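Here's the structure we're looking at; comments come further down.
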Number of protein chains: 2
Amino acid sequence: MPVTQADVARRAGVSQRTVSNVVNKFPHVSADVVARVTEAIEALGYTPSHAARSLRLGRSGLLQLVVPELDVPYFAELARGVVKCAEERGFGVMVRQTLGDRERERDALEGPAAEHAEGTILSAVGSIEDILATGRGRSPVVLIGERTGMGLVDHIGIDDTAAAAEATRHLVETGRRRVAFIGADPADSLRMAELRLRGYEQALTSAGLPFDETLVVRTRSYHRKDGEEAMAALLALGPDRRPDGVFCATDLLALGALRTARTSGVAVPTELALVGFDGLEEGEYSAPTLSTVAPDKAEIARVAVETLLARIAARAGVEDEPPAQDLLIAFDLVVRESSRAV
Amino acid sequence: MPVTQADVARRAGVSQRTVSNVVNKFPHVSADVVARVTEAIEALGYTPSHAARSLRLGRSGLLQLVVPELDVPYFAELARGVVKCAEERGFGVMVRQTLGDRERERDALEGPAAEHAEGTILSAVGSIEDILATGRGRSPVVLIGERTGMGLVDHIGIDDTAAAAEATRHLVETGRRRVAFIGADPADSLRMAELRLRGYEQALTSAGLPFDETLVVRTRSYHRKDGEEAMAALLALGPDRRPDGVFCATDLLALGALRTARTSGVAVPTELALVGFDGLEEGEYSAPTLSTVAPDKAEIARVAVETLLARIAARAGVEDEPPAQDLLIAFDLVVRESSRAV
DNA sequence: TTGTACGCGTTATCAT
DNA sequence: ATGATAACGCGTACAA
């Protein structure tokens, strides 16, 4: 059923080797042979077999992108950038979704897919030290996000702690004195926003403000609903113990918090200032618009793809591999209505 | 470098055939042989070669998902569902992004990737009659969204016209008399929201209201910014010619329109009612919350994957293929604050 | 129950 | 410049 190079060769009256040469644009082929072969390809509707080519070449032309949830805007933007950048370089992208499940993360790195793809870009939620440790000889992995590569694998991210500190400092500088944090996570579970929590604490301390545990709300996840509930918990502290500013570890959390503020009749930013993290477009359209720490997501994606491709190339060559890198990408504190000075 | 079945066989003291049997869980293998082979696999770190297997089997285990933009929430949700469902059935998903470019759509369907994947789920923006027409013998395609398959390929979607009519009727029933439409598109370009515009028009006519061309704003695309600009254009019509209700072809357009209303001091829903389309979670959190036509997106994704898999199976078998189907999925009109009766 | 041998469609080496 | 031929790693018909 499928038409092969041999079929094309027969019709064009040449050998299969010549067809391969034409397909791969080998330089030394006479013009009329090219024409005959091209005609035969058209006529027969020949398409190269990706499987055969990968088997022969040992390269699949595929990268793997592993994220928790594709429909979380931050990951969606990341995916956009990765797919775009990979396509420009002639690579396809297999997307996998872990739904926050460590087992799925493991499978993505150790299962057959990891071998099928030439490399993996992973936005991990769980701790992965063990996985990476066993990963010797596997196809290369580039980490994106908060989890660092610990010298084992390349990592692309921003300085989460510095960014969180800057956001918190901004809240303090606009006159807030009781600044809360939403987004840390229950003790022994995923330590998602650990670095951001640390930055928050540092900024507070630098400003001579107390670090108040009651103002740190741990959430199971980073969705709008979690922010909504966390904010409700903060408001339940009562008028005098309530925060007058909140730094949220993600924009989605902040948008949820914003909703609770609205439904509770708490005015933003006059009674309560809010800053998120991620730089989502949604925050430009919320009411009030949302202040946020905006990482250069397109750049993160671009650098991740390039780093992965570089490592693939290095591994293909005989040269010994360069050591794993931690690359920091720029971010911006974007001040909007939700944290204007009062 | 890569370890093959032959390597494993040598170490386990069996033939390659036996290794293959163990890997594929062939029923009739003695227990101790299984143990020896398994041990050898572990020790050597053997991983099956996906390339060799696809070549041999003629199946890659990959589906292709083609969408305009991964970070548009509607497509992100679709991608989530497709990837989830495909994974459950043992298929990987290659994601491609057309960025609205017809050339890229064509390439996704006719390029090598189309052959690599066993089938394609396509959310097309351009007209694709020509592409589908030439697609005889290619791997199967399932269409998602507004563009129908015209009997050539399977199509999964909702009844866009009925849904748009229901949304418009709802606006009329809450007392709006000048109902506008945002989202049609410039004449000869993509006819993105054609069906939804038709439903809008039908509902107006049924209600005995005039179809006023000045209340139809055509947008280049379906993003927040387009909605923002379109709404500004509507408000510029002046106090007496302005609409008192707007049906937007997507939620993103509606959220943009909402922003313009807010910055222009137009009260929603009292002065202006708004209904979107897509059922995005973002609309549950906007201020005011957004009424919307919500298709069952998870179901669309699920049915799309199943339909594609069924067609792949049918094509593999000798049976002649069943005719292409148009499958309609349920939708819901979700009324929220933006269109409450005044 | 297991071993032998062949072919899937390509690319690449060796000749010519 | 092009033709014959050998791998690439795996699944399976056939044989034992």
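Note on naming: letters A, B, ... go to the chains in the order of the sequence lines (proteins, then strands), and numbering restarts at 1 for each one. Just so it is clear, the model here is predicted, and its values are computed rather than measured.
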* pair His50(A)-Ser54(A): side-chain heavy atoms closer than 4.5 Å -> yes
* May I ask you to say whether Arg302(A) pairs ionically with Glu299(A), meaning some side-chain N is under 4.0 Å from a carboxylate O? => yes
* Considering residues at least two apart in sequence or located in another chain, which fulfil the side chain to side chain contact (heavy atoms under 4.5 Å, CB included) criterion with Ala40(B)? -> Val8(B), Arg11(B), Ala12(B)
* Asked: What one-letter contact string describes nucleotides 9-15 of chain C from 5' to 3', where B marks a base within less than 4.0 Å of any protein heavy atom, S marks contact via sugar-phosphate atoms alone, and - marks no contact?
  -> BBBBBB-
* To do: On the 0 to 90° scale, with breaks at 30° and 60°, tag the Phe75(B)-Tyr222(B) ring pair as parallel, tilted or perpendicular.
  => perpendicular
* **Within-4.5 Å side-chain heavy-atom neighbours: Thr4(A) and Ser49(A)** => no
* When you check the phosphate oxygens OP1 and OP2 of dG3(C), does a side-chain N or O of Thr18(B) lie under 4.0 Å from one of them? -> yes
* Can a salt bridge be assigned to the pair Arg36(B) and Glu39(B) using a cut-off of 4.0 Å between side-chain N and carboxylate O? -> no
* Of all nucleotides in DNA chain D with an atom under 4.0 Å from a non-hydrogen atom of chain A, which is the first and which the last going 5' to 3'? -> dA1(D) to dG9(D)
* Asked: So do Leu70(B) and Val95(B) actually touch side chain to side chain, heavy atoms under 4.5 Å?
  -> yes
* Salt bridge Asp107(A)-Arg104(A), side-chain N to carboxylate O under 4.0 Å -> no
